[in-house]
Each structure stands twice: as structure tokens, then as C-alpha cells.
Number of protein chains: 2
Amino acid sequence: MEFSVAVSRLVGLAQESRLAVFRALVRAGPDGLAAGAIARELSIAPNTLSAQLSILAHAGLVDSRRDGRSIIYTARFDTLGELLAFLIDECCDGRPEFCSALTPFDADPPTRRAPGRQASPCHR
Amino acid sequence: MEFSVAVSRLVGLAQESRLAVFRALVRAGPDGLAAGAIARELSIAPNTLSAQLSILAHAGLVDSRRDGRSIIYTARFDTLGELLAFLIDECCDGRPEFCSALTPFDADPPTRRAPGRQASPCHR
DNA sequence: TCCATATTTCAACGATAATTGAAATCAAAA
DNA sequence: TTTTGATTTCAATTATCGTTGAAATATGGA
């Protein structure tokens, strides 16, 4: 992924309400959520939310489709995955000995609600 | 990881020069780089860089130590790992069917310089 | 058609962030 | 101790960001 694209995706997530919006969309899954539903759930003014959603959309982090009067937003898992891959690359590249620090996926059990994935170091 | 901590870490990385600084530090490994060396390498004014480094440090993304007249900065792999774990949690939680989209670690070979890790879906 | 609902657009405002030049601090060398 | 080099701090400026109220657009129902 291009450096500047990574920056804009990070910018997309680097704000309290936008990260909350994205998280809500991730939790909602492929059905997504209508803009109004998000606004109510997170207590954000509709026009403010619209601006944030537009930033998320331009960052490629969400998609939208119209359904009747509503506009349904969904999280884009593929681009989040690309961003994660970029960040992992940044760390692992040429430095195998530190990759272990990048896989603490079972190090913080309370916040992990899913039956953990096994540690998967970038190199052995 | 706490939500607000995740936001501040993302803010730390969500800026052109800060992401470049962090990347340079990651590549430099545990030896780190002196502030001046970073400034020269990235053509950033020393005082501007100092402000950015201070933001990265407060975000917990870099450490610093004095060595003679220089101040050596190093990337913190542990906190980056925590941030990645947080983002992965956000996506995988309760939605196993989309986790595969989060592990395109061998999907973009040109940008991966290390002998790829195997795909490791959050759930099977 | 007229009305109500859902969302976006626009302009303006206040807040926050990034950059700059000058001065200050700190450590090493002369 | 004076000087040089490395980095930070400070105050000021500019740019960018987030929010708001009002108006505009689009859709579906009466």
C-alpha cells in the first residue's frame, strides 16, 4: 500500500467519533447501519456524522448504499486488512527478532472476546 | 487497550512526517536513531521534528535515551503490537466470517520484503 | 401533489495542530 | 572556562479539523 494511502486511512481512524463509528459498523457486519441509526447510537448530530462518514468513505474505510430513504454504511474489512498488513510490514521488515512483540494476540485476554488466535510470528 | 489510548496511538501515526519518523525508527531497530540523524534523513527542521517526536513519545510509540550530546529514539514494538491487536479485535469480534479479509498478509507480495508469514485467520 | 423522513451540503465559527525563528538547555571538546 | 554541537522550549503564525445551524436534496407515503 502506498504511504500516503496508509496515512489517510490512519487519519480516518485517528479520531474519537470516527473510530467509534467504524467500530459500530464493524460490529454491525455486512448489513451495516443507516446513517441515522449511527447518529442515534453514538449521539452525534446528523450533519456532523455525515462529514465524518464522508472522511471515512474517502479513506476507503467504509462503503455506502441507498436503501429507501436511508443510506446504509458498511465497514470495509479488506482495506482495514491492507492497513494492518502495511503496519506489520513496517515492523517486521528485516527485523524478525522483534516480530514476536507484534503478536500479543493472547496477551490481553479480558479484551479478547473471541477464542484467541494462535500467536503467529512473522518469521520463525 | 483503552479506546482513548488507541485513538492517541492512531493520531501519533496519522501524519505524514510522524509515520515516516516511526518507520525510520522501526527500520533502525533497537539501536535507534539520534534526533539529528532523523532530521537529516527526512529533511525536517530539528525543532519541528522535536515536536513530532514528543507527540510520538506521549503516544507511547517511541522511547528515548541520552547518549552523549545526542538523544536516541527507538520505536516501541510492544505498543504498536497492542494497537494492532486492538484493531484486529475491532474487526474479528463476533464476526469470524470476515476475519479472513484481515489476513491478506500474502496477498500483496510486492510490498512484502520478508519471506511472508502464513495466513492466520482469527477463527477457523 | 403535498408532506414527512433521512441525509447531505454549505458557510461560518472555534478549536486544535503543524511549522517557524529565536532563545534556552545540556553535554562534550578545546 | 569558553566554545561548539545537539536538542528542546517558547511564542507566534498559519493551516487544518470538527462542529453547528440553516438550507438543500432525495425518497416514500398520504
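This one's a predicted model, so the numbers in the text were calculated from it and none came from an experiment. For the numbers below, each heavy atom of this structure counts, side chains included, while hydrogens, waters and symmetry mates do not. Labels below follow one simple rule: chain letters A, B, ... track the order of the sequence lines, proteins then strands, and each chain is numbered from 1.
- Rounding to the nearest 0.5 angstrom, the gap separating the OG atom in B/Ser8 from the NE2 atom in B/His58 is 10.5 Å.
- With contacts defined as side-chain heavy-atom distances shorter than 4.5 Å, the pair B/Leu19/A/Phe86 qualifies.
- Residues B/Arg18 and B/Leu56 form a side-chain contact, since some pair of their non-hydrogen atoms from C-beta on lies under 4.5 Å apart.
- When heavy atoms are screened at a 4.0 angstrom cut-off, B/Ala39 is found touching no nucleic acid atom at all.
- For A/Arg40 and C/dT5, the CZ to P distance is 12 Å, given to the nearest whole Å.
- For C/dA18, one of the phosphate oxygens OP1 or OP2 lies less than 4.0 angstrom from a side-chain nitrogen or oxygen of B/Arg18.
- Put simply, A/Ser50 has a side-chain N or O that comes within less than 4.0 Å of OP1 or OP2 on C/dT8.
- C/dT7 atom C1' lies 10 Å from atom CG of A/Leu49, rounded to whole Å.
- Going from atom CD of B/Gln15 over to atom C1' of C/dA17 covers 9 Å, rounded to whole Å.
- Regarding contacts with the backbone of C/dT19, a side-chain N or O of B/Gln52 is found under 4.0 angstrom from either OP1 or OP2.
- A 4.5 Å side-chain heavy-atom check between B/Val62 and B/Leu25 finds at least one atom pair inside the cut-off.
- In this model, a donor atom of one side chain and an acceptor atom of the other lie less than 3.5 Å apart for B/Ser17 and B/Gln15.
- You'll find the side chain of B/Leu80 reaches within 4.5 Å of the side chain of B/Leu13, heavy atoms only.
- When DNA chain D is scanned 5' to 3' for any atom under 4.0 Å from a heavy atom of chain B, the first and last hits are D/dT4 to D/dT9.
- At least one side-chain heavy atom of A/Arg9 sits less than 4.5 Å from a side-chain heavy atom of A/Thr79.
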#### Entry: Full working for side chain to side chain contact (heavy atoms under 4.5 Å, CB included) between B/Val21 and B/Leu42
CA-CA 8 Å; B/Val21 167; B/Leu42 302 178; 3.7 Å; yes

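- Residues of residues 62-76 of chain A that place a heavy atom closer than 4.0 Å to DNA chain C, in numerical order, are A/Arg69, A/Ser70, A/Ile71, A/Tyr73.
- Side-chain contact between A/Leu83 and A/Met1 is present, with heavy atoms from C-beta onward closer than 4.5 Å.
- Note: CG (A/Leu53) to C1' (C/dT7) measures 10 Å, nearest angstrom.
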